[in-house]
Amino acid sequence: GGYGYGSHQFGAILSSTDAGRSWRTSLDIRVPGVTEIACPTSSTCVAGEMDGDTVHVTTDSGRTWSTRTFPPGLSVGEVACPSTAVCYATASAGILAPADSGSTWAVRALPSNNSPIAISCPSLTACYVTARTSNRHREDFLSTTDSGHTWVINSRLSVSELTCPS
């Protein structure tokens, strides 16, 4: 059957091995505010906290979790992981992108001081983002094909979640 993960309002991370007919709680982690989970494989997931400075990572189907802390004040939100080695995250200053093999991160600013809302990355270098403009009067749909070094504003689009299959 299908494998899936979800988060609960009280901070529990849940997993299912039968396409969602039943769910179990990961006993290793309870973090209030976990709102986003990206799973590039059935055993590897990255969970982000709402406007936090940490993400939680499992490589053993949720049996154990480790925490990765970012510099304070970045307000990490949504995460997108096109592979087990590459993840991206929304942050208050732009998009957090891998700066090398994934051990360090760099903040990639969005054009026009856009503030990211949602992210989806169907490949290692291509990502799509919805972002609110600095004057908060509209939202843009942006894309990159070079790991966030350059961004193109494609259209105006107001959505809170994105998913783009590879």
Side-chain angles (χ1 to χ4, degrees), residues 4-9 11 13 29 31-41 43-59 62 65-166:
Y5 285 88
S7 62
H8 186 273
Q9 66 182 2
I13 294 179
I29 185 171
V31 181
V34 168
T35 58
E36 300 297 329
I37 300 175
C39 301
T41 69
S43 61
T44 301
C45 291
V46 177
E49 296 179 31
M50 176 63 94
D51 297 326
D53 294 325
T54 59
V55 291
H56 307 279
V57 180
T58 184
T59 57
W65 293 82
S66 61
T67 300
R68 176 177 240 175
T69 304
F70 296 102
L74 287 179
S75 296
V76 176
E78 290 202 12
V79 292
C81 300
S83 78
T84 57
V86 175
C87 288
Y88 295 85
T90 62
S92 56
I95 300 298
L96 287 173
D100 47 32
S101 61
S103 59
T104 60
W105 296 65
V107 176
R108 307 273 192 239
L110 297 174
S112 304
N113 294 319
N114 275 315
S115 178
I117 299 169
I119 185 168
S120 181
C121 301
S123 76
L124 299 178
T125 58
C127 292
Y128 301 94
V129 170
T130 57
R132 188 167 290 116
T133 59
S134 58
N135 63 13
R136 299 199 174 278
H137 292 303
R138 74 167 204 267
E139 293 172 1
D140 292 330
F141 180 73
L142 301 95
S143 63
T144 183
T145 57
D146 61 4
S147 303
H149 291 280
T150 58
W151 292 90
V152 174
I153 298 175
N154 297 302
S155 63
R156 292 186 174 149
L157 178 69
S158 181
V159 296
S160 61
E161 292 293 328
L162 283 176
T163 185
C164 302
S166 56

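The basis for the numbers below is simple: all heavy atoms, side chains too, and nothing from hydrogens, waters or symmetry mates. Bear in mind that the values here come from a model prediction, so they are computed numbers and not experimental data.
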Taking atom [atom1] of [X] and atom [atom2] of [Y], what is their separation to the nearest 0.5 Å?
X      : Y      : atom1 : atom2 : result
Ile117 : Arg132 : CD1   : CZ    : 4.0 Å
Ile95  : Ile119 : CD1   : CD1   : 4.0 Å
Tyr88  : Cys127 : OH    : SG    : 4.5 Å
Asn154 : Thr130 : CG    : OG1   : 12.0 Å
Asp140 : Leu110 : CG    : CG    : 9.5 Å

Output all residues satisfying side-chain contact (heavy atoms from CB on, under 4.5 Å) with [X], sequence neighbours left out; order by chain, then residue number.
X      : value
Pro40  : Thr44, Cys81, Thr84
Val107 : Leu74, Ala93, Leu96
Ser92  : Ser75
Thr125 : Ser123, Ser147

Looking only at non-hydrogen atoms, find the nearest pair between [X] and [Y] and report the distance.
X      : Y      : result
Ala91  : Pro116 : O-CG, 3.3 Å
Pro122 : Tyr128 : CG-CE1, 3.7 Å
Trp151 : Ala109 : CD1-O, 3.6 Å
Arg68  : Trp105 : NH1-NE1, 3.0 Å
Ala80  : Ser120 : CB-CA, 4.2 Å

### Task
Can you sort out the partners of Thr150 under side-chain hydrogen bond (donor to acceptor under 3.5 Å, both in side chains), two or more places apart, ordered by chain and number?
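Applying side-chain hydrogen bond (donor to acceptor under 3.5 Å, both in side chains) to Thr150 gives Asp146.
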